[in-house]
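Remarks on the structure that follows.
So you know, we letter chains A, B, ... as the sequences are listed, proteins then strands, and number each from 1.
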There are 2 protein chains.
Amino acid sequence: MEEPRKRSRPGRAPAPAGRTSRPRQAEVARLAGVSQATVSLVLGARKQGVTISEETRQKVLDAVRDLGYVPDPAASRLAAARNNLLGVFSFTSTFPTDVQHSYYPFLVGVEQEAAARGYDLVLFTGSSTGGAGAAGPNALNRVRLADGCLFLGRHAPAGELLRLVADGFPVVHLGRRDELEGLAWVGADYISASQEVVAHLAALGHRRIVLVREDDEAPASTDREHGFLKGLEEAGLPGGPATVFRSADPERDLTAERLRGWLDEGVTAFVAEETDTGDAWRALHGAAHFVGIDCPRDASLALLGSPPPDLADGPVPTGFDVPRPQLGAAAVRMLAALVAGEEATEPLVACAFRPGSTAGPAPVHP
Amino acid sequence: MEEPRKRSRPGRAPAPAGRTSRPRQAEVARLAGVSQATVSLVLGARKQGVTISEETRQKVLDAVRDLGYVPDPAASRLAAARNNLLGVFSFTSTFPTDVQHSYYPFLVGVEQEAAARGYDLVLFTGSSTGGAGAAGPNALNRVRLADGCLFLGRHAPAGELLRLVADGFPVVHLGRRDELEGLAWVGADYISASQEVVAHLAALGHRRIVLVREDDEAPASTDREHGFLKGLEEAGLPGGPATVFRSADPERDLTAERLRGWLDEGVTAFVAEETDTGDAWRALHGAAHFVGIDCPRDASLALLGSPPPDLADGPVPTGFDVPRPQLGAAAVRMLAALVAGEEATEPLVACAFRPGSTAGPAPVHP
DNA sequence: GCGCATTACTAATACGCATTAGTGATCCGG
DNA sequence: CCGGATCACTAATGCGTATTAGTAATGCGC
């Protein structure tokens, strides 16, 4: 048989030359005259029952100082079975050249909340997927190296997302996505916010209000319409499809004639939804200006969201702000909950009403 | 006595409830009908002698795909391997509320270059906030989880940085930092760029040029002065301390009288350095405006950098642009080189000359 | 057809730390 | 003064991966 000599250790290559190896807990333990486990106990946040005498504690801490010991995060995280890493995946590049197109405002909240909870962030770039990551149908797999992952934008392929969810991997989508069964998400409460804007207009005396929206089926759009109609109903105002103007190209279809027609019919307030392009608001704003409306004297305007950058210099529109940093923070909270195996937290984040200066009392009609 | 049942395993807390754990190499191995070691061999970059049959290789790769296996970064690191993660650490929050103060332009380049090389980025958070991420003297230590780390801003504590370097951990500082022995950095070549601006002015016929700078010792400042003086010398113009106006508070000290004095002495061009606050340029710009100088007819102005945001709407200053995205990319290139055990790459990145509209031919003197 | 190479794997670690069962001591009540 | 409780620690193990020694199977030369 084999004689019991010590195996010439497999498992490790010699340490890279020239690299002064840092002290380990074992060295600290030797210097302090205790066991490695004791060192770990002293250094680790006190868990439960374990008690360490003050004397031992000091010996260990002294040794730690003398040797300049610092823990190896890889080992800690491996042993603790959690990496303290949250993924952030955006299908487009996280830092596009043009900051206007970035998720920056969300990331502000994401970073803050993650930091507050002791998580670091891993940024995955789905767009490139060059180098190591396979671009194939499994491009999303790489996110599994984190404890959970946040998805930004509506371009993440549904199939892969659901696969992750089905595997029990914690996933949170920033932006409503409830067509995907089981996918956790956080989103802004456009319904309540839109309703509130209508209530504001109604309180100012407006009886006939029209919503201008683009022609898509995104939840963000239908929610706003929903809230708009709910607001009308609450205020006891006439609702129905006639109060909603829907167009695939508002800048072309929202003509001066149409606007004058509405005014003649007694409409005194107009509400536009916010979209990627900002076209609805731009069209409304443009037509009102063209017709020569003195806003808010002749009529009131409101915007269900924030104005596009090119109109940022104009008067502040009455409406609401999407609290992007708070959305980011809420997403991290939910993700952290899922990672911890808890229930998902509240998905809806309230929008802040913005008084603005484009809405005023309804003009007294002759 | 106890019957020989399996020890109720110490060493591990039960996995968080309800969480199906990610697949490991062991699961892949079982599915493929091979050993864990084989999986590791197939996935790892082919080392030496080991050979794997194409058939086995495929079985393993199929199993990897089916299970969505991704290596655990902590385990990889612990086993002395790479994990394709580059750290990004900024002492201040990476995404401050005000995008103006962010490292965004650098990150554009960092992300691109990292993606191109197959690295993902880990954003180490909690630098500013006192979150769970520990503020202690070892706040920087967690970056060791990554293969290397990029540091932004000049607030990273020197001691800890040097400790990382001394331990052989790949570190690159974005921004010159050569007072720290052994620290690799990348920075903009302010010397050449400043020299070029002076050359441009000299070519326009200016014979007397004054530099306005703030009163600090940052390399970015001294480099600009150095390049300025070098430019004068090259052009055969009078140099010396008289051509440099140095003030801790330029807006107060750079008075209209002083400016008139210079003009009377025959100075026809003024150069300001760029600083965090932009005060030098603001003072110069303000005084020139106050004195009623028609720029560039009466005198030329130049800015060694970019104007502060509040002056972004004014005329484009002649000077140079700091190529922030390229700096980010260069930093990643250097970091990747260090991780691969190669020599550091070129640390200096050239700035782009910006013609602008504030410099013109020197006025003909009576 | 026997030794020696080569091929294609697997077994057995080691990495550094966290956790928990176990083990002497010491204390305490009755 | 004995059994149990408490205290203060240590031993043993596992986390998931990389590496290397070992091995069975096959090929090959002479």
Side-chain angles (χ1 to χ4, degrees), chain A residues 2 5-16 21-30 32-57 59-60 64 69-83 144-145, chain B residues 2 5-16 21-30 32-57 59-60 64 69-84 141 144-145:
Chain A
E2 276 286 66
R5 69 170 172 85
K6 186 173 181 299
R7 266 184 81 98
S8 63
R9 59 197 197 93
R12 247 351 258 305
S21 95
R22 310 180 283 129
R24 319 289 168 204
Q25 285 188 349
E27 272 103 279
V28 174
R30 205 176 311 133
V34 299
S35 72
Q36 175 266 321
T38 302
V39 175
S40 178
L41 288 174
V42 169
L43 294 181
R46 53 173 83 285
K47 277 299 156 193
Q48 51 225 33
V50 261
T51 52
I52 302 284
S53 72
E54 191 51 35
E55 187 193 339
T56 302
R57 165 177 225 77
K59 277 192 304 187
V60 169
V64 163
Y69 167 83
V70 291
D72 181 330
S76 303
R77 293 175 181 208
L78 179 57
R82 57 192 330 233
N83 283 319
R144 297 175 111 113
L145 108 194
Chain B
E2 276 286 67
R5 68 173 172 84
K6 188 175 181 297
R7 261 184 81 99
S8 62
R9 59 202 194 89
R12 247 349 259 307
S21 61
R22 311 180 351 237
R24 345 254 147 194
Q25 286 189 350
E27 270 104 280
V28 174
R30 205 175 312 135
V34 300
S35 72
Q36 175 268 321
T38 302
V39 175
S40 179
L41 287 174
V42 168
L43 295 180
R46 54 175 86 283
K47 277 301 153 191
Q48 50 227 32
V50 260
T51 50
I52 301 284
S53 72
E54 191 50 35
E55 187 193 338
T56 301
R57 165 178 225 77
K59 276 191 305 186
V60 169
V64 163
Y69 168 82
V70 171
D72 182 315
S76 298
R77 281 295 284 173
L78 183 57
R82 309 271 168 74
N83 57 18
N84 269 314
N141 198 46
R144 292 180 195 265
L145 177 66

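- Between B:T38 and C:dA8 there is no side-chain N or O to OP1 or OP2 distance below 4.0 Å.
- Remark: A:L41 CG to A:I52 CD1 distance equals 5.0 Å, nearest 0.5 Å.
- Taking every side-chain heavy atom of B:S35 into account, C:dT10 is the closest of D:dT17, C:dT10, D:dA11.
- Of the candidates D:dT19, D:dA11, C:dT20, C:dT20 carries the atom nearest the A:L41 side chain, counting heavy atoms from C-beta on.
- Side-chain N/O atoms of A:T51 include one lying less than 4.0 angstrom from OP1 or OP2 on D:dA8.
- Within 4.0 Å (heavy atoms only), B:A81 reaches sugar-phosphate atoms of the nucleic acid but no base atom.
- Backbone-only contact: A:S53 has heavy atoms under 4.0 Å from sugar-phosphate atoms and none from a base.
- Distance from the side chain of B:A75 is smallest to D:dT17 among C:dC9, D:dT17, C:dC17.
- Comparing D:dC9, C:dC17, D:dT17 by their closest approach to the side chain of A:R24 singles out C:dC17.
- Checked against side chain to side chain contact (heavy atoms under 4.5 Å, CB included), A:P71 has the following partners two or more places apart in sequence or in another chain: A:Y69, A:S76, B:N141.
- One atom, CD of A:E55, and another, C1' of D:dC7, lie 14 Å apart when rounded to the nearest Å.
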- [ ] Please assess A:R77 against B:D72 for the test salt bridge (charged side-chain N to carboxylate O under 4.0 Å, His left out), listing each intermediate value before the final yes or no.
- [x] CA-CA 10 Å; A:R77 293 175 181 208; B:D72 182 315; over 6 Å; no
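- One finds no side-chain N or O of B:Q36 lying less than 4.0 angstrom from the OP1 or OP2 phosphate oxygen of C:dA11.
- Among C:dC17, D:dA18, C:dA11, the nucleotide with an atom closest to any side-chain atom of B:Q25 is D:dA18.
- A:V34 comes within 4.0 angstrom of the backbone, heavy atoms only, and of no base.
- Within 4.0 Å of A:S76, counting heavy atoms only, lie sugar-phosphate atoms of the nucleic acid but no base atom.
- Computed from C1' positions of five pairs at each end, the angle between the two local axes of the helix from C:dG1-D:dC30 to C:dG30-D:dC1 equals 50°, rounded to 10 degrees.
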